[in-house]
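Whatever order the structure lists them in is the order used to number ligands and atoms, beginning at 1.
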Amino acid sequence: MKPPRRLHIKSYGCQMNVYDAQRMVDTLAGEGFVETANADDADLVILNTCHIREKASEKVYSELGRLRVMKDEAARQGRQMSIAVAGCVAQAEGSEIIARAPVVDVVVGPQSYHHLPELLARAERDGRALEIEFPVRDKFEFLPPPKPETIRARGISSFVTVQEGCDKFCTFCVVPYTRGAEVSRPVTKIVDDVRRLADHGVREITLIGQNVNAYHGEGPDGRIWPLGTLLRRLADIPGIARLRYSTSHPRDVDETLIEAHRDLARLMPFVHLPVQSGSDRVLAAMNRRHTVDDYRRAIDRFRAVRQDIAFSSDFIVGFPGETEEDFRATLALVTQIGYAGAYSFKYSPRPGTPAADLQETVSAQEMDERLERLQELIDSQQSAFNKAMIGSTVEVLFERAARNPGQIVGRTAYLQPAHVMASEEIIGQVLPVRIQSLERYSLLGELTALPQSRPAPTVFSTPSEMTTGA
Ligand code: SAM
Ligand code: SF4
């Protein structure tokens, strides 16, 4: 028997890359690869890259510089180290990577991971291998499922891709070019994946997609199912205590999704709904195809059915043409909505996108200053949201032993880390916790109910039975 080969994957960027990295590990497990946490003793290193902003893609080339030193050292020791670049930089800059970085053996785009074994063999034979096509057949048909022991080792929370690609073409964004057109997976495949995960201890599923609420997959009845109907189906799977989904677009908030939040206790009341800007002028230039008012109305519809719902968002500051007045409109929207948290970014022109041809009007200094003002406001809202938890009793899904001995950490419905003193048998259970204090972003509390002797999820029957400080 051949000894196992060691595989190290470094992922950058979004949740979908985290998920893709796991699927690459599952694919290569069939080729005798086992994962290692260290790059220097690996036989294969994969950089799973992100192209969303310039900073993210630059990291790839500096990392490749470091890997070249490791590869040379491995060769001196008589070992062969192969290097692959995967993800959105691979898709966008395929042959340029090959030209700029001779250290790279394989370049593989996000739709071709199932071909990794063949590509490695081709690189062995021909020196290099590149594949950045958008294949006609869906890669999910070919990706092997994870083994039971792998699922258990990955913990109680798992991502499942339900939708990929994007047809929205926001003028600043590379996703439609790197991930391709919007595609939804069929319902039965997703149900099978979630069942398998639940059978091996997973308690929380986050459905992911670049535009997850544009989901329109084929249902078992032959009809097209929207996300809300899919969530309803998944909520019936035994063992699944919590459902989440990310990332949503304000234009695709339909009634099935709102009704799912009204009816499903297992669907967490925390929605990531990016708006990008609070100015209609900027939203139009970004081709977001919604106004600030449309966004407010979408938020109100969620709030009308679930009072304890909280929101997070993404913002871009310094988009070409953004004036101080436009930026103040963003601050006003943040103040009006009140977020539990949000991500904010400086605009970064991406080659090949329509906005890259626009004249940049906001100086680097102004951008820094706007980002700081926005982040200050978001941080103050996040702190207030977290502080409001103190004194309330919230449900926590426990995930793992914390760093401090005797402590177990889990997450609230709003993804806040919560720590209690307890034994490890509570891992995988949803238990009520009285929150006593807040340390930076972490809540500290005590269990108010005894854990069950065997891990099993508990969920309250209706959303209104939860008490939160939200
Ligand atoms: N599909 C999601 C949506 O429409 O909201 C977002 C997907 S994108 C991977 C994540 C975030 O990156 C975006 O919401 C946006 O705030 C940010 N982003 C994308 N392109 C950017 C750019 N060129 N410059 C700065 N931030 C960008
Ligand atoms: Fe990018 Fe816009 Fe599509 Fe989101 S909706 S992935 S920001 S193009």
Side-chain angles (χ1 to χ4, degrees), residues 11-20 48-58 87-89 91-92 110 159 161-184 206-215 227 245-253 271-279 282-290 292 294-295 298-299 311-322 327 330 333-334 339 341-358 360 362 364 367-368 370-371 374-375 378:
S11 260
Y12 301 84
C14 65
Q15 294 166 333
M16 193 156 285
N17 266 7
V18 175
Y19 175 84
D20 284 347
N48 191 19
T49 60
C50 172
H51 199 243
I52 202 82
R53 283 168 292 277
E54 194 182 357
K55 242 193 195 153
S57 26
E58 267 171 11
C88 292
V89 177
Q91 187 65 46
F159 295 135
T161 293
V162 299
Q163 178 278 332
E164 266 214 78
C166 183
D167 294 341
K168 293 276 190 300
F169 290 93
C170 299
T171 53
F172 54 80
C173 184
V174 289
V175 168
Y177 312 98
T178 56
R179 290 275 175 170
E182 204 181 281
V183 180
S184 295
T206 304
L207 304 181
I208 52 173
Q210 267 89 18
N211 221 326
V212 73
N213 59 335
Y215 177 82
L227 184 67
Y245 59 91
S246 189
T247 295
S248 298
H249 192 286
R251 261 177 77 93
D252 295 319
V253 177
V271 178
H272 184 58
L273 195 65
V275 63
Q276 314 299 351
S277 168
S279 153
V282 175
L283 289 177
M286 288 177 165
N287 189 34
R288 288 291 289 180
R289 293 189 279 168
H290 63 78
V292 178
D294 295 333
Y295 182 79
I299 297 270
F311 295 91
S312 59
S313 184
D314 292 341
F315 295 92
I316 295 178
V317 301
F319 187 79
E322 183 191 73
F327 176 67
T330 300
L333 180 67
V334 174
Y339 289 99
Y343 301 97
S344 41
F345 311 102
K346 288 188 272 186
Y347 168 68
S348 164
R350 306 311 292 131
T353 60
D357 295 334
L358 299 176
E360 286 192 58
V362 184
M367 253 198 236
D368 284 341
R370 285 182 193 171
L371 188 70
L374 178 58
Q375 286 182 342
I378 292 165

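Ring-centre distance between Phe315 and Tyr339: below the 6.0 Å cut-off. Taking the six-membered ring where the residue is Trp, the centroids of Phe169 and Tyr177 are separated by under 6.0 Å.
Each of the following atoms of ligand 1 lies closer than 4.0 Å to a heavy atom of Lys346: 24 (N), 25 (C). Near Phe172, meaning under 4.0 Å from one of its heavy atoms, ligand 2 places the atoms 7 (S). Per-residue contacts place Asn211 under 4.0 angstrom from the following atoms of ligand 2 (heavy atoms of the residue considered): 5 (S). Against a heavy-atom cut-off of under 4.0 Å, Gln210 is close to the following atoms of ligand 1: 1 (N), 2 (C). Shown in contact with His249 at under 4.0 Å from a heavy atom are these atoms of ligand 2, numbered in order with element: 5 (S). Those atoms of ligand 1 that come under 4.0 Å of a heavy atom in Thr247, given as number and element, are 2 (C). In the vicinity of Arg288, heavy-atom distances shorter than 4.0 Å reach the ligand 1 atoms 3 (C), 4 (O), 5 (O). Of all atoms in ligand 2, numbered sequentially from 1 with element shown, those under 4.0 Å from a heavy atom of Arg288 are 2 (Fe), 7 (S). Interface of Phe169 with ligand 2, defined as ligand atoms under 4.0 Å from a residue heavy atom, comprises 8 (S). Counting atoms of ligand 2 from 1 in the listed order, those under 4.0 Å from a heavy atom of Cys170 are 2 (Fe), 5 (S), 7 (S), 8 (S). For ligand 1, the atoms closer than 4.0 angstrom to any heavy atom of Pro274 are 5 (O). Ligand 1 places these atoms under 4.0 Å from at least one heavy atom of Gln276: 5 (O), 13 (C), 14 (O), 15 (C), 16 (O). Close contacts between ligand 2 and Lys168 involve ligand atoms 3 (Fe), 5 (S) [criterion: under 4.0 Å to a heavy atom].
Heavy-atom separations between Lys168 and ligand 1 are all 4.0 Å or longer.
Ion pairing of Lys346 with Asp368 is present here, as a side-chain N (NZ or NE/NH1/NH2) and a carboxylate O approach within less than 4.0 Å.
Checking only distances, Val175 never comes within under 3.5 Å of ligand 1, N or O to N or O.
With hydrogens left out, the protein atom closest to atom 9 (C) of ligand 1 is Ile52 CD1, 3.5 Å, a heavy atom.
Atom 2 (Fe) of ligand 2 lies at 2.8 Å or more from every N, O or S atom belonging to Cys166.
Dense packing is recorded around CD of Glu58, with more than 12 heavy atoms of other residues, nucleotides or ligands lying under 6.0 Å away.
Residue contacts with ligand 1, taken as heavy atom pairs separated by less than 4.0 Å, involve Phe345 solely via side-chain atoms from C-beta onward. Only the side chain of Pro176 comes within 4.0 Å of ligand 2, judged by heavy-atom distances. When non-hydrogen atoms are compared, ligand 1 lies under 4.0 Å from neither the backbone nor the side chain of Arg251.
The heavy atom nearest to atom 17 (C) of ligand 1, considering only Arg179, Arg350, Arg53, is found in Arg53.
Ser344 and Gln375 form a side-chain donor-acceptor contact under 3.5 Å, judged by distance and modelled atom types alone.
Counting heavy atoms from C-beta on, the side chains of Asn287 and Phe172 never come closer than 4.5 Å.
The nearest protein heavy atom to atom 2 (C) of ligand 1 is closer than 4.0 Å.
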For this session: Start with the C-alpha distance between Asp252 and Lys168, add both sets of side-chain angles, then the distance that settles salt bridge (charged side-chain N to carboxylate O under 4.0 Å, His left out), and finish with yes or no.
Result: CA-CA 11 Å; Asp252 295 319; Lys168 293 276 190 300; 2.7 Å; yes

